[in-house]
There are 2 protein chains.
Amino acid sequence: MAGSTNTQFAVAVHVLTYLAGVTDAHAVSSDELSKSANVNPVYVRRVLGPLRRAGLVRSRSGVNGGWELAVDARQITLEQVWRPLQGTQPVLGLHGPDPTCATGRNVQKALTALDRTVADAVATSLKRFTVHDILDGQPEAAQSIPMTGG
Amino acid sequence: MAGSTNTQFAVAVHVLTYLAGVTDAHAVSSDELSKSANVNPVYVRRVLGPLRRAGLVRSRSGVNGGWELAVDARQITLEQVWRPLQGTQPVLGLHGPDPTCATGRNVQKALTALDRTVADAVATSLKRFTVHDILDGQPEAAQSIPMTGG
DNA sequence: CCTAACTGTAACTATCGCGACTACGAATGT
DNA sequence: ACATTCGTAGTCGCGATAGTTACAGTTAGG
């Protein structure tokens with residue numbers, strides 16, 4: 001299950017939306033971003049690191065340095081944001097190192113496979129939205145679009 | 001995101017599978033279940049509580065008491081297991097109490113709506129499997145069934 | 001070239017959720 | 001009565017998350 005005390009995805013979406021809302025082409029410091037998202041500047045950099053490696057944002061050091069989108073906000077889906085941050089971590093929650101009984105091993109194998117299925121379902125539903133959608137406040141519209149695949 | 005250090009769903013699936021594998025009609029104590037799942041008996045009772053309220057299992061106190069399925073294992077989907085345990089907790093991770101800036105409020109509203117969408121996607125994908133499927137070790141078969149809705 | 005403004009990263013720390021454990025009242029079969 | 005088992009509250013330790021400090025490496029501008 002998703003106790004989800006992890007806010008990286010939320011912060012990432014917030015920051016990217018902020019960057020998408022910047023009209024002129026200057027870079028934004030992690031300090032400014034951190035104030036907007038109400039978190040620590042270092043945390044912003046830690047979150048944006050994977051997204052930079054994924055090619056979604058660029059960063060520059062030095063005076064007038066900071067962050068900017070590397071891709072148009074309309075082209076960045078939330079799935080592209082989620083994947084790098086999620087990595088290989090399970091979406092549901094696996095448990096226990098290695099159960100002794102056969103039932104345990106069976107269940108564990110099943111849950112591992114299941115987790116991949118669920119992760120794919122999450123990713124698929126996130127593909128529907130882009131950073132630009134969030135900027136427009138339009139993510140709730142898609143509520144009405146059912147997942148016909150399920 | 002799902003740091004998912006929460007193992008309730010995994011334990012629930014394990015325990016229900018164990019119960020599904022019991023051929024004769026006697027109840028199983030939370031102590032026996034806890035040994036199978038390699039967790040604490042009290043934790044088993046805490047996890048099964050919501051599932052009892054959801055009508056999936058029954059429990060009896062006293063000598064020869066314990067737990068048993070209230071429904072055939074073929075009728076219990078993993079979505080029915082997941083929902084009561086997840087409750088209203090976010091699947092992704094929201095953050096921050098109440099951002100001051102407009103961007104923040106926009107993002108937060110969007111993420112809340114988004115979380116419902118994702119939760120539905122998870123639930124939908126979990127509907128494909130039953131406890132009996134896990135007992136048979138057949139949850140990986142559905143890997144090949146794509147989510148056409150994405 | 002020197003300074004000021006940034007990033008990138010490594011510590012260390014505080015906080016919080018999860019789950020183990022103890023304990024005890026209530027229920028139930030023998 | 002008595003042993004068993006559930007239901008639940010309370011306490012505790014561990015680990016993950018994120019805040020904080022610190023510092024080396026970049027870059028624009030005087």
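Letters A, B, ... mirror the listed sequences (proteins, then strands); counts begin at 1. Only this structure's heavy atoms are used, side chains among them; waters, hydrogens and symmetry mates stay out.
If you measure from atom CD of A:Glu32 to atom C1' of C:dA5, you get 14 Å, rounded to the nearest angstrom. To the nearest angstrom, P of C:dC18 lies 16 Å from CZ of B:Phe9. Rounded to an integer number of Å, the gap from OH of A:Tyr43 to P of D:dT21 is 18 Å. One interatomic measurement links the two molecules: CD of A:Gln86 to P of D:dT17, which rounds to 10 Å at whole-angstrom precision.
Of the possible polar contacts, none joining the B:Asn106 side chain to the A:Gly137 backbone as a donor-acceptor pair under 3.5 Å is found.
Nearest nucleotide to the side chain of B:Asn6, out of D:dG25, D:dT8, C:dC18: C:dC18. Candidate nucleotides C:dA5, D:dG25, D:dA18 were compared by shortest atom distance to the side chain of A:Val63, and C:dA5 ranks first. When each of D:dG19, D:dG7, C:dC21 is scored by its nearest atom to the side-chain atoms of A:Asn40, the top-ranked nucleotide is D:dG19. Closest contact between the side chain of B:Val42 and the listed nucleotides D:dG19, C:dT28, D:dA9 involves D:dA9. Of the candidates D:dC6, C:dG29, C:dA20, the closest approach to any side-chain atom of B:Arg45 belongs to D:dC6. Taking the side chain of B:Gln8 as heavy atoms from C-beta on, and the options D:dT20, D:dA28, C:dG19, the nearest nucleotide is C:dG19.
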Side chains of residues 21-31 of chain A: which donor-acceptor partners sit under 3.5 Å, not counting sequence neighbours?
unit_1  : atom_1 : unit_2  : atom_2 : d
A:Ser29 : OG     : A:Asp31 : N      : 3.4
A:Ser29 : OG     : A:Glu32 : N      : 3.1
A:Ser30 : OG     : A:Arg45 : NE     : 3.2
A:Asp31 : OD2    : A:Lys35 : NZ     : 3.0

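Put simply, B:Arg52 has a side-chain N or O that comes within less than 4.0 Å of OP1 or OP2 on D:dG7. Applying the 4.0 Å criterion to OP1 and OP2 of C:dC6, one finds that A:Ser59 has every side-chain N and O outside that range. For the pair A:Asn64 and C:dC6, the criterion of a side-chain N or O lying under 4.0 Å from OP1 or OP2 is not met. In terms of phosphate contacts, A:Ser30 brings a side-chain nitrogen or oxygen within less than 4.0 Å of OP1 or OP2 of C:dT7.
Nearest-nucleotide positions on DNA chain C place B:Pro41 closer to the 5' end than the other of B:Pro41 and B:Ser61.
Across all strands, A:Arg46 comes closer than 4.0 Å to base atoms (heavy-atom distances).
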